[in-house]
Undergrad: 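Can you keep this structure in mind? I'll have questions shortly.
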Amino acid sequence: MIASAMHLDRQRQIRSLFDEYIEMYASRDDRLTSRFSDDFSGYTGGGNRLIKDRDEWVKITRQDFSQVQGRIRIELLDLSMQDIDDSVVVVTAFFHIHLPLPDHILSREVARLVLIFRLEGGDWKIVHSGISIPYHLVQDGEVYPLKGLLERNSALEALVEARTTALNESQTLYRLLTEDTLDVLWKADRNLCITYISPADERLRGYKAEEVLGHHVFELFTDEGVATVKKIMQQGATSELPATQGGFLIFEVEHRCKDGRVLWGEVLSKPERNAQGAIIGYHGITREISERKRLQDQVRQHAFHDPLTNLPNRRLLVDRLTQAMAASKRSACHGAVMFLDLDEFKDLNDAHGHEAGDLLLLEAAVRLKSCVREVDTVSRFGGDEFVVLLAELNSDMGASRMHAQSIAEKIRSSLAEPYILALHKKGQDERLIEHHCSASIGVVMFLNQEASQAEVLQRADSAMYRAKDAGRNTIRFHKAEGQVLTAATGAA
């Protein structure tokens, strides 16, 4: 079993979620349907259509259970666990499916299952399920190829027997058995030059076998992919990278396509050794996971960014503040946090509705980002509140405070400029609204890790309320004990 570096208790928690799912699925337990999130999406093993409706997936699951009513045996081959964050985990499993009938074709196929769990209201829910079975006899309306499976099985066995008799070379047989699979099978010599690649690569990336054979494996990947593989090889050389039970390494890497596209592939790679233990080559399997990566990125985006402004949300802000405070300890440089609230925001919502309010928030986000450096963080904290994090300013307190004061004044001035908001309503012409808004800004300086993240944010918030009490459209610094700090527009 391979897993990213995580605490043993966390590994056990994720494994428990997976084991519970497998037991309920294998035993055809209808309670499994209660574990699906309202925001569910999934792929069935017998189709390539993305299901985005939870009720439809419940219907498919129950259809699956009714088609195969006896217990299914799951023969687990490998398992990968990814801890995305505190509330999102991903489990990828490879296994054989043994149905309660003589289906020795299907049971030999390697199925892949991807499950994305998300913590919702204290309960872990399944937000995505994608099962891939590289078997091409599934008919419309089937979850498994049950209708006529025995007849097709018999016909295929006769065909395999006839072809086996006609074929004399084992390599030709190997190619015949692999040319219809969706996964790419490959071999490379000790110098990482490709010696065999299955026809699936032409369907996947567009390159014919003769265009690939003899070339270095790095030519399969993008520049970023090459860097990823080199890092993995270095980790493998120092035994920092764990292998699966079968000795395979599993990693994800970007691949180049002949038409210029880029796709993500999940690679299972294993070295071939001689009797003395020296590596004489490599072989493995590559499976496309572009859609899985897209869904993972989507989940990560939802977990760490505000859906309206696309700015970092509170969770990502706290993470970056933690990093900034740790960096401050190493570099002895000060940082600053600004907590700001838009004045007159409620008046706009009351007069023109939430559409106008959303447009104002979007424009405010653009203006805020234009006032800071790329290394700084602008976050939407909630409602009409924003937080700006300035990291690694200067080792001198006075210089750092002047820099923070300058940025705060730049932000105050920018947000005070008039807003022209274009409202659109169905069946009506566009209506332009001019709105004047200002911001109350509280600033706190930090150094090292003398205070917690929560304390730093609380102090900035308190300074912001002092700015609001002072008449709004102004800046106030947190007043440290025994020290009086002045703001850009008045005394603190």
Side-chain angles (χ1 to χ4, degrees), residues 1-3 11-37 40-48 51 57-83 89-117 124-138 142-147 149-150 152-153 181-183 242-248 250 266 268 285 287 289 291-292 295:
M1 179 175 66
I2 182 170
Q11 291 186 37
R12 289 171 178 165
Q13 181 187 29
I14 298 174
R15 181 60 189 262
S16 176
L17 290 173
F18 172 77
D19 289 344
E20 184 179 40
Y21 171 89
I22 288 297
E23 172 57 29
M24 296 180 77
Y25 181 79
S27 63
R28 328 309 279 158
D29 190 335
D30 190 67
R31 290 176 299 173
L32 178 63
T33 59
S34 67
R35 304 301 175 90
F36 302 143
S37 168
F40 180 86
S41 66
Y43 283 100
T44 64
N48 57 8
I51 307 298
W57 188 263
V58 169
K59 182 179 178 181
I60 290 172
T61 301
R62 288 173 175 160
Q63 177 193 355
D64 178 354
F65 289 2
S66 67
Q67 287 182 355
V68 183
Q69 297 183 5
R71 184 181 180 89
I72 289 177
R73 184 166 68 88
I74 303 295
E75 180 186 350
L76 188 64
L77 303 176
D78 196 42
L79 188 69
S80 171
M81 299 185 296
Q82 294 175 281
D83 194 357
V89 298
V90 179
V91 180
T92 303
F94 296 87
F95 50 86
H96 293 307
I97 299 175
H98 299 275
L99 300 178
L101 50 92
D103 65 322
H104 28 292
I105 291 180
L106 181 60
S107 63
R108 290 198 299 265
E109 298 289 350
V110 177
R112 180 192 66 185
L113 173 66
V114 178
L115 292 172
I116 300 179
F117 295 91
W124 285 96
K125 296 290 187 178
I126 302 168
V127 73
H128 177 76
S129 172
I131 184 167
S132 171
I133 305 175
Y135 192 77
H136 309 294
L137 296 180
V138 180
E142 291 182 319
V143 178
Y144 293 111
L146 299 176
K147 297 177 182 177
L149 178 62
L150 296 178
R152 294 195 294 264
N153 186 23
T181 183
L182 298 177
D183 296 338
T244 67
Q245 293 177 349
F248 283 89
I250 302 179
E266 181 178 62
L268 285 77
I285 302 172
R287 175 172 289 180
I289 57 166
E291 180 64 15
R292 187 178 94 191
L295 288 170

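All figures in this text were calculated on a predicted structure; none of them were measured in a lab.
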Undergrad: Working to the nearest 0.5 Å, report the span between CD1 of Ile51 and OG of Ser129.
TA: 11.0 Å

Undergrad: Check whether any side-chain heavy atom of Val90 lies under 4.5 Å from a side-chain heavy atom of Phe117, and answer yes or no.
TA: no

Undergrad: By side-chain hydrogen bond (donor to acceptor under 3.5 Å, both in side chains), which residues pair with Ser41, not counting sequence neighbours?
TA: His128

Undergrad: Apply the test side-chain contact (heavy atoms from CB on, under 4.5 Å) to residues Ile72 and Val68: give CA-CA distance (whole Å), side-chain angles for both, the deciding distance (0.1 Å), then the verdict.
TA: CA-CA 8 Å; Ile72 289 177; Val68 183; 4.0 Å; yes

Undergrad: So, for Leu32 and Met24, which heavy atoms are closest and what is the spacing to 0.1 Å?
TA: N-CE, 3.2 Å

Undergrad: Quick one: list whatever passes side chain to side chain contact (heavy atoms under 4.5 Å, CB included) with Asp30, sequence neighbours left out.
TA: Thr33, Arg62

Undergrad: Please report the shortest heavy-atom distance between His98 and Glu75, naming the atom on each side.
TA: NE2-OE1, 2.8 Å

Undergrad: Leu268 and Phe94: which non-hydrogen atoms are nearest, and at how many Å?
TA: CD1-CZ, 4.3 Å

Undergrad: Minimum heavy-atom separation for Tyr21 and Leu115, please, with both atom names.
TA: CD2-CD1, 3.6 Å

Undergrad: I'd like to know whether Trp124 forms a side-chain contact (heavy atoms from CB on, under 4.5 Å) with Gln13, so could you lay out the CA-CA distance, the side-chain angles of the two residues, the decisive distance to 0.1 Å, and finally the verdict.
TA: CA-CA 11 Å; Trp124 285 96; Gln13 181 187 29; 3.4 Å; yes

Undergrad: Considering residues at least two apart in sequence or located in another chain, which fulfil the side-chain hydrogen bond (donor to acceptor under 3.5 Å, both in side chains) criterion with Arg12?
TA: none

Undergrad: Using the ring pair (Phe, Tyr, Trp, His ring centres under 6.0 Å) criterion, which residues pair with Phe40? Sequence neighbours excluded.
TA: Phe36, Trp57

Undergrad: Got a sec, which residues hit side-chain hydrogen bond (donor to acceptor under 3.5 Å, both in side chains) with Arg35, two or more places apart in sequence or on another chain?
TA: Glu20

Undergrad: Identify the heavy atoms of Ser37 and Val127 that sit nearest to each other, and give their distance.
TA: CB-CA, 4.0 Å

Undergrad: Has Arg292 got a side-chain atom pairing as donor or acceptor with Gly130's backbone, closer than 3.5 angstrom?
TA: no

Undergrad: Please report the closest heavy-atom contact between His96 and Val110, naming both atoms and the distance.
TA: CE1-CG2, 3.8 Å

Undergrad: Could you grab the distance from atom CD1 of Ile250 to atom OG1 of Thr92, nearest 0.5 Å is fine?
TA: 8.5 Å

Undergrad: Would you mind telling me which of Ile289, Asp183, Leu77, Asp78 makes a side-chain contact (heavy atoms from CB on, under 4.5 Å) with Arg112?
TA: Ile289

Undergrad: Quick one: side chain to side chain contact (heavy atoms under 4.5 Å, CB included) partners of Ser16, sequence neighbours excluded?
TA: none

